[in-house]
Amino acid sequence: GENVEQHPSTLSVQEGDSAVIKCTYSDSASNYFPWYKQELGKRPQLIIDIRSNVGEKKDQRIAVTLNKTAKHFSLHITETQPEDSAVYFCAAEAAGNKLTFGGGTRVLVKP
Amino acid sequence: NAGVTQTPKFQVLKTGQSMTLQCAQDMNHNSMYWYRQDPGMGLRLIYYSASEGTTDKGEVPNGYNVSRLNKREFSLRLESAAPSQTSVYFCASRSGQLNTEAFFGQGTRLTVV
């Protein structure tokens, strides 16, 4: 089945700097790659997603890139703010509506 | 619009006890999922139901059973709880169409002593 690896597991950045989180997946048939943000004690919520026919997508300060050949995708957060502090999860969807998540990245933005 | 609702929010069980976690969604979604989240770890898929009437194992199904009662409800049962099942459990639902967002419930914090 699908296996999603996520790095790093923790990331500390200064406010205003950029943060990059990387994920790799194993199933070449996967075609949908969402990113979720989970604030402390809350449920995960979708922040951005990308489909396999697109190489890059941007929404204000966040962007995702996808390299299908290498089977990896990344989340980029620019001009980080304290409210960006959270756990971020990548995921990949393989056949049959099965959504597999990575291990998560705890991001701390230091003021 | 409640979205995805899980009950209970908190539960403490003794080793060997059984319980059922309930999940209901009001978005007319076809697909539903159960995940567990251990401290410092990601979301691991226990079971999922791509559509009403079907269920499939995820990454960590041992010790659990599920029932897709109808389109709205998807329950998770622990027949004989073990301390290793101490975790936060999240139910999620999706429309079932390709490439769509998953909506999560608020989670159930389960402690097995």
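Chain identifiers are assigned alphabetically (A, B, ...) following the order of the sequence lines, protein sequences preceding nucleic acid strands; residue numbering begins at 1 within each chain. Keep in mind that the numbers below use all heavy atoms, side chains included, and drop hydrogens, waters and symmetry copies.
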Side-chain (B:Glu59) to main-chain (B:Leu45) donor-acceptor, under 3.5 angstrom
yes
Quick check on A:Pro34 against chain B: is it the side chain, the backbone, both or neither that has a heavy atom closer than 4.5 Å?
neither
Taking atom CZ of B:Phe103 and atom CZ of A:Arg43, what is their separation to the nearest 0.5 Å?
11.0 Å
B:Ala81 versus B:Leu13, closest heavy-atom pair with distance:
CB-CD1, 3.8 Å
Please look at B:Tyr35 and chain A and tell me whether the side chain, the backbone, both or neither of the residue comes under 4.5 angstrom of a heavy atom of that chain.
side chain
I'd like to know which of A:Leu46, A:Thr100, A:Asn97 tops the heavy-atom pair count under 4.5 Å against chain B.
A:Asn97
Which residues from residues 6-31 of chain A are near chain B, with near meaning under 4.5 Å between non-hydrogen atoms?
A:Asn31
Begin from the C-alpha positions of B:Asn65 and B:Glu79 and carry the test side-chain contact (heavy atoms from CB on, under 4.5 Å) through to its verdict.
CA-CA 8 Å; B:Asn65 285 301; B:Glu79 290 291 351; 3.8 Å; yes
Is the backbone N or O of B:Thr54 less than 3.5 Å from a side-chain atom of B:Ser49, with the two atoms forming a donor-acceptor pair by type?
yes
Are there more than 12 heavy atoms of other residues, nucleotides or ligands under 6.0 Å from atom CD of A:Glu79?
no
Checking heavy atoms, do the side chain of B:Gln37, its backbone, both or neither come under 4.5 Å from chain A?
side chain
For A:Tyr36, which atoms come within 4.5 Å of any heavy atom of chain B: side chain, backbone, both, or neither?
side chain
Of the backbone (N, CA, C, O) and the side chain (C-beta and beyond), which part of B:Tyr33 lies under 4.5 Å from a heavy atom of chain A, both, or neither?
side chain
Given heavy-atom pairs under 4.5 angstrom as the criterion, report whether the side chain, backbone, both or neither of B:Val4 touches chain A.
backbone
Interface residues of residues 49-76 of chain A facing chain B - non-hydrogen atoms under 4.5 Å apart
A:Arg51
So, the part of B:Ser51 with a heavy atom under 4.5 Å from chain A: the answer is neither
Return yes when atom CD of B:Gln97 has more than 12 non-hydrogen atoms of other residues, nucleotides or ligands closer than 6.0 Å, and no otherwise.
no
So do the side chains of A:Phe89 and A:Thr105 get within less than 4.5 Å of each other, counting heavy atoms only?
no
Residues B:Ser84 and B:Arg36: closest non-hydrogen pair is O-NH2, 2.7 Å
What part of B:Leu43 is in contact with chain A, defined as an atom under 4.5 angstrom from a non-hydrogen atom: side chain, backbone, both or neither?
both
For A:Arg106, look at atom CZ and say whether over 12 heavy atoms of other residues, nucleotides or ligands are found less than 6.0 Å away.
no
Examine whether an atom of A:Gln38 lies under 4.5 Å from a heavy atom of chain B, and if so say whether it belongs to the side chain, the backbone or both; otherwise answer neither.
side chain
Scored by heavy-atom pairs under 4.5 Å with chain A, the best of B:Gly105, B:Ser31, B:Gly107 is B:Gly105
Is it true that B:Arg72 and B:Glu52 make a salt bridge, defined as a side-chain N closer than 4.0 Å to a carboxylate O?
no
The reported gap from CE in B:Met27 to CD in B:Glu101 (rounded to nearest 0.5 angstrom) is 9.0 Å
Using only heavy-atom distances, determine whether the side chains of B:Glu73 and B:Asn70 contain a donor-acceptor pair under 3.5 Å.
yes
Calculate, to the nearest 0.5 Å, the distance between atoms OG1 and CZ belonging to B:Thr100 and B:Arg94 respectively.
4.5 Å
Does B:Gln22 use its side chain to pair, donor to acceptor, with the backbone of B:Pro8 at less than 3.5 Å?
no
